[in-house]
Amino acid sequence: MPTEKLTRDNYQILIDELRASADGKYRDFHSSLVPNEEKDRILGVRMPRLREIAKEIGRNDARGFLEICGDDYYEERILRAIVTGLVKPGSFDDLRALSDGFLPYVNSWAVCDCFCSGLKGVKKYRAEFFEHIGEYLSGGDWEQRVALVLMLNYYLDDEYIDRVLERTDKVQSGAYYVQMAQAWLLATALAKCPEQALEYYKDNNLSRNVFCKAVQKAVESRRIDDETKKFLRTL
């Protein structure tokens with residue numbers, strides 16, 4: 001990976017580096033995990049290598065990279081996700097702009113979840129950003145998943161759990177990856193905030209599909225005690 005700042009003029013250097021780091025067998029394997037991504041747009045670069053490249057980009061000019069980063073390959077979107085998280089927002093408005101600016105590039109669960117887990121700037125502006133996340137829940141399928149996974153990563157605690165559960169309960173989507181995010185959030189909530197989450201499991205407005213998947217994920221979790229799992233099975 002070149003140590004100089006990437007520009008539109010030398011951007012091809014990055015693509016060449018990605019191609020040189022690609023693994024055909026890994027590409028075949030990973031493409032099966034993100035079926036909604038076109039296989040010919042996946043090069044097959046493993047995540048540790050992508051993180052190395054992203055860190056190098058971040059040391060040079062993270063914000064400048066976001067202005068020129070392409071969208072031809074899955075790996076470019078993953079790099080955009082990681083580099084966005086490396087930017088330290090100077091204000092809530094800055095964080096909001098970074099997050100909103102990434103939304104159009106979310107086209108798979110992998111890109112979504114990589115972005116959400118890396119957006120550490122949320123911790124500095126939790127209250128304001130929680131309100132902003134509510135706008136994502138009224139958007140399209142991928143925006144809804146982003147909102148759910150952001151809440152899963154940063155808001156499953158006593159201060160926010162009731163509001164998170166209320167928001168999650170109102171999501172009525174037939175999209176598979178939205179439903180899976182709901183189930184994943186609810187199973188994680190049961191591990192982190194068991195008292196509030198268990199009450200929610202007893203009384204909710206979830207579709208049967210989402211509810212059953214949430215119970216399944218909770219029963220499979222190693223962070224939830226056997227007594228709770230026994231009760232969940234009765235539901």
Side-chain angles (χ1 to χ4, degrees), residues 1-22 27 30 34 36-126 128-147 149-150 153-154:
M1 181 63 199
T3 57
E4 69 267 24
K5 175 181 174 180
L6 285 171
T7 66
R8 287 186 173 85
D9 291 335
N10 68 4
Y11 186 80
Q12 185 60 39
I13 297 175
L14 172 62
I15 301 301
D16 293 341
E17 178 63 31
L18 291 174
R19 287 175 174 158
S21 302
R27 175 188 179 227
H30 195 68
V34 282
N36 52 314
E37 180 71 76
E38 297 176 25
K39 187 175 180 179
D40 61 0
R41 299 184 72 179
I42 299 176
L43 294 171
V45 184
R46 295 176 183 271
M47 184 59 76
R49 180 60 182 140
L50 289 172
R51 292 195 183 280
E52 288 177 356
I53 294 173
K55 287 182 180 180
E56 187 64 38
I57 291 171
R59 280 193 287 268
N60 288 314
D61 184 10
R63 289 182 186 270
F65 173 76
L66 296 179
E67 294 179 2
I68 66 170
C69 181
D71 188 35
D72 292 332
Y73 295 106
Y74 163 80
E75 283 80 1
E76 289 177 282
R77 288 188 288 281
I78 291 292
L79 284 176
R80 181 184 288 275
I82 300 172
V83 173
T84 298
L86 294 176
V87 175
K88 294 183 179 180
S91 65
F92 164 65
D93 288 339
D94 190 14
L95 172 64
R96 179 175 58 188
L98 287 166
S99 181
D100 291 356
F102 187 79
L103 289 181
Y105 299 96
V106 181
N107 67 338
S108 70
W109 68 265
V111 172
C112 168
D113 298 0
C114 178
F115 165 69
C116 293
S117 65
L119 196 64
K120 305 302 184 183
V122 172
K123 297 178 181 179
K124 188 176 181 180
Y125 303 100
R126 282 218 310 165
E128 302 98 321
F129 198 66
F130 186 76
E131 296 305 315
H132 186 59
I133 288 174
E135 298 179 15
Y136 295 172
L137 287 170
S138 60
D141 295 341
W142 290 119
E143 289 184 50
Q144 290 182 356
R145 183 177 173 99
V146 167
V149 179
L150 283 170
N153 276 283
Y154 303 106

message = Under the rule for side-chain hydrogen bond (donor to acceptor under 3.5 Å, both in side chains), what residues qualify as partners of Asp16, not counting sequence neighbours?
response = Gln12
ask   = Among all residues two or more places apart in sequence or in another chain, which pass the side-chain contact (heavy atoms from CB on, under 4.5 Å) test with Arg41?
value = Glu37, Glu38, Asp71, Arg77
query = Which residues satisfy the salt bridge (charged side-chain N to carboxylate O under 4.0 Å, His left out) test with Arg59, sequence neighbours excluded?
reply = Glu56
key: Plane angle bin for His30 and Tyr74 - parallel if under 30°, tilted between 30 and 60°, otherwise perpendicular   = tilted
ask   = Which atom names give the shortest non-hydrogen contact between Leu50 and Leu79, and what distance separates them?
value = O-CD2, 3.4 Å
request  = Measure the acute angle between the ring planes of Phe129 and Phe92, then classify it against the limits of 30° and 60° as parallel, tilted or perpendicular.
outcome  = perpendicular
inquiry  = Restricting to side-chain contact (heavy atoms from CB on, under 4.5 Å), what partner residues turn up for Asp93, sequence neighbours left out?
reply    = Ser91, Arg96
query = Going by heavy atoms in the side chains, are Cys69 and Val83 under 4.5 Å from each other?
reply = no
remark   = Shortest non-hydrogen pair, Gly121 vs Pro89, comes out as CA-CG, 4.0 Å
Gap between atom CG of Leu103 and atom CH2 of Trp142 - 0.5 Å precision = 12.5 Å
key: Side-chain heavy-atom pair Asp113, Arg145 within 4.5 angstrom cut-off   = yes
query = What are the two closest heavy atoms between Gln144 and Leu137, and how far apart are they?
reply = NE2-O, 3.2 Å
ask   = Which residues satisfy the ring-ring contact (aromatic ring centres under 6.0 Å, His included) test with Phe65, sequence neighbours excluded?
value = none
remark   = For Ile82 and Ala54 the tightest heavy-atom approach is CG2-CB, 3.4 Å
query = Taking only residues two or more places apart in sequence or in another chain, which ones pass ring-ring contact (aromatic ring centres under 6.0 Å, His included) with Phe130?
reply = Tyr155, Tyr160
message = Tell me every residue that passes ring-ring contact (aromatic ring centres under 6.0 Å, His included) with Tyr73, counting only those two or more places apart in sequence or in another chain.
response = none
task = Keeping the roles fixed (side chain from Lys88, backbone from Gly85), state whether a donor-acceptor pair exists under 3.5 Å.
result = no
ask   = Considering residues at least two apart in sequence or located in another chain, which fulfil the side-chain contact (heavy atoms from CB on, under 4.5 Å) criterion with Thr7?
value = Asp9, Asn10
inquiry  = Using side-chain heavy atoms (C-beta onward) and a distance below 4.5 Å, is Leu119 in contact with Tyr154?
reply    = yes
query = To the nearest 0.5 Å, what is the distance between SG (Cys116) and CH2 (Trp109)?
reply = 12.5 Å
query = How would you list, by chain and number, every residue that makes a side-chain contact (heavy atoms from CB on, under 4.5 Å) with Ser21, sequence neighbours excluded?
reply = Glu17, Val45, Arg49
task = Find out whether Ile53 and Leu14 are in side-chain contact, i.e. whether some heavy atom of one side chain is under 4.5 Å from a heavy atom of the other.
result = yes
task = For Lys39, enumerate each residue passing the side-chain hydrogen bond (donor to acceptor under 3.5 Å, both in side chains) test, keeping only those at least two apart in sequence or located in another chain.
result = Asp28
ask   = Listed by chain and number, what are the side-chain hydrogen bond (donor to acceptor under 3.5 Å, both in side chains) partners of Arg27, not counting sequence neighbours?
value = none
query = CD/Glu75 to CG/Leu43 distance, rounded to the nearest 0.5 angstrom?
reply = 4.5 Å
inquiry  = When you compare the side chain of Glu52 with that of Lys55, does any pair of heavy atoms fall below 4.5 Å?
reply    = no
ask   = Tyr11 and Gly70: which non-hydrogen atoms are nearest, and at how many Å?
value = OH-N, 2.8 Å
query = Is any side-chain heavy atom of Arg80 less than 4.5 Å from a side-chain heavy atom of Val111?
reply = no
Salt bridge (charged side-chain N to carboxylate O under 4.0 Å, His left out) against Asp94, all qualifying residues, sequence neighbours excluded = Arg63
Gap between atom CG of Leu66 and atom CG of Leu98 - 0.5 Å precision = 7.0 Å
remark   = When rounded to the nearest 0.5 Å, the distance separating CG of Asn107 from CG of Asp141 is 12.5 Å
Ala62 versus Val87, closest heavy-atom pair with distance = CB-CG2, 3.7 Å
ask   = Hey, are the side chains of Tyr136 and Leu150 touching, using non-hydrogen atoms and a 4.5 Å cut-off?
value = yes
query = Rounded to the nearest 0.5 Å, what separation is found between the CG atom of Leu18 and the CD1 atom of Ile78?
reply = 11.5 Å
